Structure formats: structure tokens, C-alpha cells
Visitor: 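The following block contains the structure, expressed as C-alpha cells.
Bear in mind that the values here come from a model prediction, so they are computed numbers and not experimental data. So you know, we letter chains A, B, ... as the sequences are listed, proteins then strands, and number each from 1. For the numbers below, each heavy atom of this structure counts, side chains included, while hydrogens, waters and symmetry mates do not.
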2 protein chains.
Amino acid sequence: MQDPQQYLAQVLRQLRQQQGWSLDRAARETGVSKAMLGQIERGESSPTMATLWKIAGGFQRSISVFIEPTPVENRGTILRSSDELRQQPADDEMLVATLFPFDKRFGFEMFELTLPPGYERLSAAHEPGTTEHLVVLTGAMEVLENGEWLALKKGDALRFAADRDHGYRNQSAEDVVFHNLISYSAR
Amino acid sequence: MQDPQQYLAQVLRQLRQQQGWSLDRAARETGVSKAMLGQIERGESSPTMATLWKIAGGFQRSISVFIEPTPVENRGTILRSSDELRQQPADDEMLVATLFPFDKRFGFEMFELTLPPGYERLSAAHEPGTTEHLVVLTGAMEVLENGEWLALKKGDALRFAADRDHGYRNQSAEDVVFHNLISYSAR
DNA sequence: AGCACTCGTGCGCTATAACGTACAAGCCCT
DNA sequence: AGGGCTTGTACGTTATAGCGCACGAGTGCT
């Protein structure tokens with residue numbers, strides 16, 4: 001990891017160059033003076049959060065792009081044996097196995113879900129920014145997404161916004177097993 | 001999303017209370033004056049990034065905890081049909097299917113990998129903070145992790161640090177198929 | 001060559017961050 | 001009751017962020 005002020009300087013200059021903006025143009029877009037932007041880009045000044053907020057807004061980015069990601073340090077290995085995963089059915093017919101529990105460092109959790117024939121589940125919208133990723137392992141299923149049922153079969157992968165009403169159903173004659181990775185909000 | 005200064009104020013106060021620290025104690029741990037910390041917590045001052053860096057360090061957190069996550073807005077649905085996924089073998093015997101390509105917003109990519117019998121693959125360390133998540137779909141395999149081969153069978157899930165040398169092998173008589181989710185760095 | 005314009009940087013000034021110190025309030029102990 | 005200590009906030013001072021303006025360098029056009 002480098003000095004955070006240097007990282008910020010570098011990212012800001014790269015962003016501005018990607019947009020093809022002069023310091024003058026960037027000043028107009030962000031509401032921060034071009035002298036100040038120049039100082040920040042040269043690493044000569046440490047801006048306040050308020051100023052960085054204005055800069056990020058002008059570039060239509062989150063402040064977090066200006067912060068160097070921290071490597072996850074010393075996280076342990078986790079091995080979850082299949083014997084202990086699938087013995088805890090949810091209080092309905094759908095089987096749920098937690099493959100990877102939520103960990104704030106990664107921002108997601110992952111389950112293996114088994115829908116018996118005829119099963120249907122509707123879910124309310126999750127919090128803004130939540131995205132689900134499904135991969136069908138066996139069988140076929142349908143996913144309600146954006147008011148429409150999408151058909152998925154073994155091997156298909158689907159990513160969709162889960163911050164609106166959605167659902168799953170199995171209208172086939174056999175169990176369908178799929179992985180569901182739920183990611184919360186953006187980096 | 002609320003005012004970033006109010007979000008920062010709230011998070012800082014919560015963190016300090018979780019640690020059970022007084023302003024005085026927090027000043028000693030962070031190297032930032034207690035008057036200043038008090039002002040930040042009351043939302044009366046917008047600290048510079050340099051000051052925020054000292055505060056984050058004192059609490060042993062990344063700066064990003066002080067920044068409100070941005071909901072992913074308007075991301076499209078992606079459906080990848082199995083027919084188009086597994087027809088592109090890598091230039092060796094291992095089959096690779098990209099289920100979810102890397103997307104900076106989520107910070108990960110996910111593959112389905114198929115190792116034929118006898119196949120062995122050793123990988124060099126990836127960049128710091130990279131973590132792999134494996135789930136075995138069919139067959140059995142071994143993963144070299146931290147200098148040791150771990151045995152995995154159908155249904156097992158494993159998360160491990162991939163920023164050191166690692167590897168996979170299939171010493172059984174049948175193909176092994178598994179999912180590999182690779183997460184890059186922490187939020 | 002000369003002029004106009006853009007670009008990034010330097011400088012002087014103002015506003016605010018950041019600090020050290022003092023103070024009020026509350027609590028605990030004698 | 002009184003003293004000592006902790007806690008958070010107020011205040012005066014210093015350091016720096018942040019701005020407006022000026023300047024030099026480079027480019028393009030006539």
C-alpha cells in the first residue's frame with residue numbers, strides 16, 4: 001500500500017485524463033477550484049471529506065474510488081464439509097445450505113438451494129444495491145425478475161438486481177438444485 | 001444516502017463506543033486531538049483525508065468504513081445460457097467456463113472448472129488480498145493450500161487465501177467439476 | 001512575428017482544520 | 001462536604017485547506 005495522499009493524487013489525475021477534462025473543466029464540474037484540484041493531483045494538499053465528496057460527485061463516482069483497497073490480511077481457511085451443510089432444512093420445503101456465510105470483507109454470502117417439484121417462493125425486495133447470482137446445478141427452474149419469469153436449466157447462470165420483488169419456482173417433476181450468491185451493495 | 005459528514009460522525013461515534021474508549025483514549029490511539037475527534041463526532045468539522053487516515057489506523061480499520069456504501073444503481077440482468085458457457089476449453093485439459101465475469105462493482109469473478117482424471121494444476125500467488133471460494137459439484141479433488149493438500153468431495157465448500165502458491169489436482173478416476181469464486185481485496 | 005487562447009502552477013488572502021489548554025458537569029472516594 | 005478524577009465541549013492560536021487572480025509556457029492561427 002502506498003501513501004494514501006499519493007494514491008488519491010494518482011487516481012484523481014487518471015480519472016480526469018480518462019474524462020479528457022482540463023483542470024478548468026474539472027473545476028466547473030466539481031465545484032472545487034482548479035488550483036485546489038492541481039494541488040491535490042500533485043499530492044501537495046490533503047483535501048477534506050467535504051471537498052472529496054464534491055470531487056467524487058463531479059466525476060459521478062463514489063468516494064471509495066479514491067481510497068486504496070486494503071488487502072484482506074491473515075484470513076483463515078474455511079472448509080465446510082458437505083456432511084454438515086445440508087442437514088438443516090429451512091422451515092419450509094426448500095432446502096438451504098450455507099456454503100459461505102456473509103463476511104463483511106467480501107460483501108457476499110452464498111447458499112445452495114434445493115426446490116422440490118411444484119415449489120414456489122416469492123421474495124420481497126432486499127435493500128438497495130443487493131444483487132443475486134444464480135447457477136443451476138441440476139434440474140430446471142424459473143426466476144421471477146422484473147415482473148417476468150425467466151427459464152433456467154442445468155448449467156445456466158443468472159445475475160439480477162434483488163432490490164425489487166423477485167421469486168423462484170420449480171414447475172418440473174424433479175428437484176432443482178442451484179447456487180445463490182447474494183452480494184450487498186457496491187464496493 | 002445521507003450527508004457524508006453525518007455518516008462519518010455517526011460511524012466514528014459508534015466505533016469509539018464499541019471499543020469502549022473515551023475521547024482522550026481515542027486521541028492517544030489515533031494521534032488526533034480529542035477536541036478534533038469531538039468536533040468530527042458532532043459533525044462540526046470535515047476532517048482532511050490525512051486525519052481520517054490516522055483515525056482509521058488508530059481503530060485498525062480501513063478508511064472505507066467511514067464512507068457510506070453506494071447502492072449499485074441500474075445494473076442490468078445477465079443471463080448466461082449453459083450452451084454458450086462450456087464450449088471454450090482453455091489451452092490445456094482443464095475446462096473453464098466463466099459464469100460471472102469480473103465486475104468492479106462486486107469485486108469478484110466466478111468460474112466453473114472441470115478437471116479430468118490425473119490432472120494437476122499449480123498456481124502462483126495472486127495479488128495480496130485475493131481469496132478463492134471453491135464448491136465441488138461432482139467428483140473429488142485435492143487443493144494445495146498453505147503447503148498442504150486438502151481433500152474435497154462433492155458438496156464440500158472451501159475458502160482460502162490465494163495470495164500464496166496454491167494448486168488443484170484430481171487423483172480420482174472421474175472428472176471433478178467445481179465452482180471457483182475469486183474475490184479481489186477487501187471492501 | 002504577433003496575438004489569442006488554453007493549460008497548469010504560484011501566490012496572497014480568507015476560511016477552516018487541528019491542536020493545546022481551560023472549563024463545567026458528573027462521579028467516586030474519604 | 002470536599003477533593004480528585006474523568007469526560008466532553010469551548011476557546012484562542014497555529015497550520016493548512018481552498019479560492020481568486022496572475023503568470024509563464026505552449027499551441028494554433030493570421
Visitor: For C:dA17, does either OP1 or OP2 sit under 4.0 Å from a side-chain N or O belonging to B:T48?
Guide: no

Visitor: Without decimals, in angstroms, what is the distance between B:D24 CG and C:dA25 P?
Guide: 20 Å

Visitor: Please work out which of the three classes, parallel, tilted or perpendicular, describes the rings of A:W21 and A:F59, given edges at 30° and 60°.
Guide: tilted

Visitor: Send over the distance from B:I55 CD1 to C:dA17 P, rounded to a whole Å.
Guide: 13 Å

Visitor: How close or far is atom P of C:dG8 from atom CD of A:E41, stated in whole angstroms?
Guide: 8 Å

Visitor: What pair of heavy atoms forms the shortest contact from B:H179 to A:L137, and how long is it?
Guide: CE1-CD2, 3.6 Å

Visitor: Both B:S46 and A:R42 contact DNA chain C. Taking the nearest nucleotide for each, which residue is further toward the 5' end?
Guide: A:R42

Visitor: Which heavy atom of B:A9 sits nearest to which heavy atom of B:G43, and what is that distance?
Guide: CB-N, 3.9 Å

Visitor: Tell me which nucleotide among D:dG20, D:dG18, C:dG20 gets nearest to the side chain of A:P47.
Guide: D:dG18

Visitor: Quickly work out the B:K34 NZ to C:dA22 C1' distance and round it to whole Å.
Guide: 10 Å

Visitor: Using atom CD of A:E44 as one end and atom P of C:dT9 as the other, report the distance to the nearest whole Å.
Guide: 8 Å

Visitor: In whole Å, I'd like the distance from the CG atom of B:L52 to the C1' atom of D:dA17.
Guide: 15 Å

Visitor: B:F108 vs A:F108 aromatic rings, parallel, tilted or perpendicular, using cut-offs 30° and 60°?
Guide: tilted

Visitor: Can you tell me if the side-chain N/O atoms of B:S45 get under 4.0 Å from OP1 or OP2 in C:dT16?
Guide: no

Visitor: Taking only side-chain N and O atoms of B:T51, does any of them lie within less than 4.0 angstrom of OP1 or OP2 on C:dA18?
Guide: yes

Visitor: For the pair made of CD in B:Q39 and P in D:dC11, what is the distance, rounded to whole Å?
Guide: 12 Å

Visitor: Can you tell me if the side-chain N/O atoms of B:S22 get under 4.0 Å from OP1 or OP2 in D:dT6?
Guide: no

Visitor: Across the strands shown, which category fits A:R16 at heavy-atom distances under 4.0 angstrom: base, sugar-phosphate, nothing?
Guide: sugar-phosphate

Visitor: Please state how far atom CD1 in A:I40 lies from atom P in D:dC19, giving the value in whole angstrom units.
Guide: 8 Å

Visitor: Once the angle between the rings of B:F178 and B:Y168 is folded into 0 to 90°, is it parallel (under 30°), tilted (30 to 60°) or perpendicular (over 60°)?
Guide: tilted

